[in-house]
Amino acid sequence: MNCYQADLHIHTVLSPCAHLLMTPGNIIKKAREQGLDIIAITDHNSGQNVRVTLELASNTPLHVFPGMEVESAEEVHLLCLFDRLDDLLEWQEIVFAALPDQPNDEEYFGEQLITDLDDQYVAREERLLATATKLTVKKIVKMIAKIGGLVIPAHIDRPYNSILANLGIIPEDLELTFLELSARQRVSQFLTMHPYLKKYAFIQNSDSHFLTDIKPMTKLCLEEINLTELRMAAANRAGRKIMIQ
């Protein structure tokens with residue numbers, strides 16, 4: 001069993017709230033400097049910078065999960081992770097069809113930039129990404145499961161854009177394994193306030209919008225790096241486990 005340092009919630013310059021230095025190349029360089037073994041690229045409602053990130057990381061030991069932070073109709077943020085780029089791209093088509101036809105206001109929200117293999121800005125996403133889709137939380141969880149991905153409700157301790165804040169509960173009929181806590185939140189303290197959530201596996205990520213935020217947050221002990229192993233770690237099966245730093 002190998003143990004890996006992971007940060008599974010990182011935004012690139014495609015997210016309008018991310019700093020302009022959050023290019024795939026810079027992210028990979030910073031992740032390696034910080035000793036990370038696994039990262040996930042999770043831009044708002046889009047995966048358009050994931051292909052380049054995967055290609056740039058292919059010559060390094062760093063493993064990149066294709067991902068997205070989708071916003072549900074209830075304005076809940078959900079991390080959607082995949083093993084394969086093709087699965088992410090299939091999901092992206094569904095999300096794009098469910099996005100409102102609203103242009104991005106760069107002065108208010110920020111730029112939404114797409115990069116190339118040289119880390120240069122080559123295009124802009126003109127449609128607003130930082131907004132709710134027409135997809136409900138329940139529908140997102142079901143659809144991601146069919147595609148073979150994994151859904152992790154993001155920063156559930158926050159008073160906005162979180163499943164607890166926006167829904168008031170975590171519905172029992174949702175097939176969820178993981179919950180994400182914000183970087184500064186202690187799991188033990190959170191579970192003291194919410195003991196009924198002890199049945200879930202917790203993961204902690206940086207939710208990086210700046211290069212200085214990227215750092216190891218969670219250690220994953222896995223036999224291989226894939227979502228099946230991650231699910232086994234959530235259940236503490238066969239030596240797999242998750243340790244929050």
Side-chain angles (χ1 to χ4, degrees), residues 1-12 24 27-28 30-32 34-43 46-70 77-95 140-156 174-181 187 199-208 214-245:
M1 206 67 59
N2 297 309
C3 291
Y4 304 97
Q5 301 285 358
D7 186 355
L8 303 181
H9 190 168
I10 297 176
H11 293 267
T12 77
I27 289 169
I28 291 167
K30 185 66 173 182
R32 296 195 64 199
Q34 290 294 314
L36 282 160
D37 305 298
I38 306 170
I39 65 170
I41 299 299
T42 52
D43 283 310
S46 178
Q48 290 165 280
N49 274 340
V50 171
R51 185 189 299 276
V52 166
T53 309
L54 288 170
E55 289 190 40
L56 290 174
S58 64
N59 295 320
T60 77
L62 188 67
H63 182 94
V64 179
F65 277 112
M68 180 189 297
E69 184 175 21
V70 68
H77 285 189
L78 301 166
L79 300 179
C80 304
L81 305 182
F82 303 89
D83 281 318
R84 303 187 319 130
L85 176 62
D86 286 349
D87 294 335
L88 171 65
L89 296 180
E90 179 183 344
W91 174 241
Q92 180 174 277
E93 289 185 13
I94 295 169
V95 171
I140 289 168
V141 172
K142 286 188 174 182
M143 295 179 80
I144 291 293
K146 287 183 180 180
I147 297 173
L150 175 68
V151 175
I152 305 175
H155 40 67
I156 67 164
L174 293 181
E175 294 185 7
L176 297 172
T177 305
F178 287 95
L179 301 175
E180 182 200 55
L181 288 179
V187 178
K199 66 179 181 178
Y200 295 100
F202 282 85
I203 197 165
Q204 209 157 24
N205 301 305
S206 68
D207 190 7
S208 296
I214 298 172
K215 59 184 175 181
M217 298 294 300
T218 301
K219 185 179 288 186
L220 304 173
C221 294
L222 314 169
E223 193 166 286
E224 299 177 58
I225 303 176
N226 56 52
L227 294 183
T228 298
E229 290 280 319
L230 199 54
R231 293 184 184 94
M232 291 178 69
N236 289 312
R237 286 171 50 194
R240 284 80 168 170
K241 59 184 177 180
I242 300 169
M243 295 175 284
I244 292 184
Q245 309 278 55

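Not measured: the values here are computed from a predicted model.
Counting only heavy atoms from C-beta outward, the side chains of Phe178 and Leu79 never approach each other to under 4.5 Å. Contact check for Leu62 versus Ile28: side-chain heavy atoms found under the 4.5 Å cut-off. Side chains of Leu54 and Pro66 form a contact here, defined as non-hydrogen atoms less than 4.5 Å apart. Using a 4.5 Å cut-off on side-chain heavy atoms (C-beta onward), Gln92 and Ser46 make contact. Two residues are said to be in side-chain contact when any heavy atoms from C-beta on lie closer than 4.5 Å; Ser208 and Lys215 fail this criterion. Looking at heavy atoms from C-beta onward, Thr218 lies out of side-chain contact with Leu8 at the 4.5 angstrom threshold. Contact annotation: the side chain of Tyr200 never approaches that of Ile152 to less than 4.5 Å [non-hydrogen atoms, C-beta and beyond]. Under the 4.5 Å side-chain criterion, counting only non-hydrogen atoms from C-beta, Ile147 is in contact with Ile94.
With rounding to the nearest 0.5 Å, the separation of CG in Asn226 from CE in Met232 is 9.5 Å. Interatomic distance, CG of Leu181 versus NE2 of His155, reported as 11.5 Å (0.5 Å rounding). With rounding to the nearest 0.5 angstrom, the CG atom of Asn2 is 11.5 Å from the CG atom of Leu220. Met1 CE to Cys3 SG: the interatomic distance, rounded to the nearest 0.5 Å, is 8.5 Å. Atom CD of Glu90 is separated from atom CG of Asp86 by 9.0 Å, given to the nearest 0.5 angstrom. In this structure, CD1 on Ile244 lies 5.0 Å from CD on Gln204, to the nearest 0.5 angstrom.
For the pairing with Phe65, the side chain to side chain contact (heavy atoms under 4.5 Å, CB included) check across Leu227, Leu88, Thr42 returns one residue only, Leu227.
With Asp7 contributing its side chain and Ile39 its backbone, the two residues share no donor-acceptor pair below 3.5 Å.
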Walk me through it: do Phe82 and Ile144 pass the test side chain to side chain contact (heavy atoms under 4.5 Å, CB included)?
CA-CA 9 Å; Phe82 303 89; Ile144 291 293; 3.4 Å; yes
* side chain to side chain donor-acceptor pair (under 3.5 Å) between Glu180 and His77, intermediate numbers included -> CA-CA 11 Å; Glu180 182 200 55; His77 285 189; over 6 Å; no
What verdict does the side chain to side chain contact (heavy atoms under 4.5 Å, CB included) test give for Ile27 and Thr53, after you've listed the backbone C-alpha separation in whole Å, the side-chain angles of each residue and the deciding distance to 0.1 Å?
CA-CA 9 Å; Ile27 289 169; Thr53 309; 5.8 Å; no
### Message
For Leu179 and Ile203: C-alpha separation, side-chain torsions, deciding distance, then whether side chain to side chain contact (heavy atoms under 4.5 Å, CB included) applies.
### Response
CA-CA 6 Å; Leu179 301 175; Ile203 197 165; over 6 Å; no
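The ring-ring contact (aromatic ring centres under 6.0 Å, His included) search around His11 returns His9, His44, His209, not counting sequence neighbours. Checked against side chain to side chain donor-acceptor pair (under 3.5 Å), Lys199 has the following partners two or more places apart in sequence or in another chain: Glu172.
Annotation for Leu78 and Pro153: closest pair CD2-CA, 3.7 Å, computed over non-hydrogen atoms. Taking all atoms of both residues into account, the shortest heavy-atom contact from Ile225 to His63 is CG2-CD2, 3.4 Å. Ala233 approaches Cys221 most closely through the heavy-atom pair CB-O, 4.4 Å.
For the salt bridge (Lys or Arg N to Asp or Glu O under 4.0 Å) condition, the pairs that include at least one residue of residues 224-239, sequence neighbours left out, are Glu229-Arg240.
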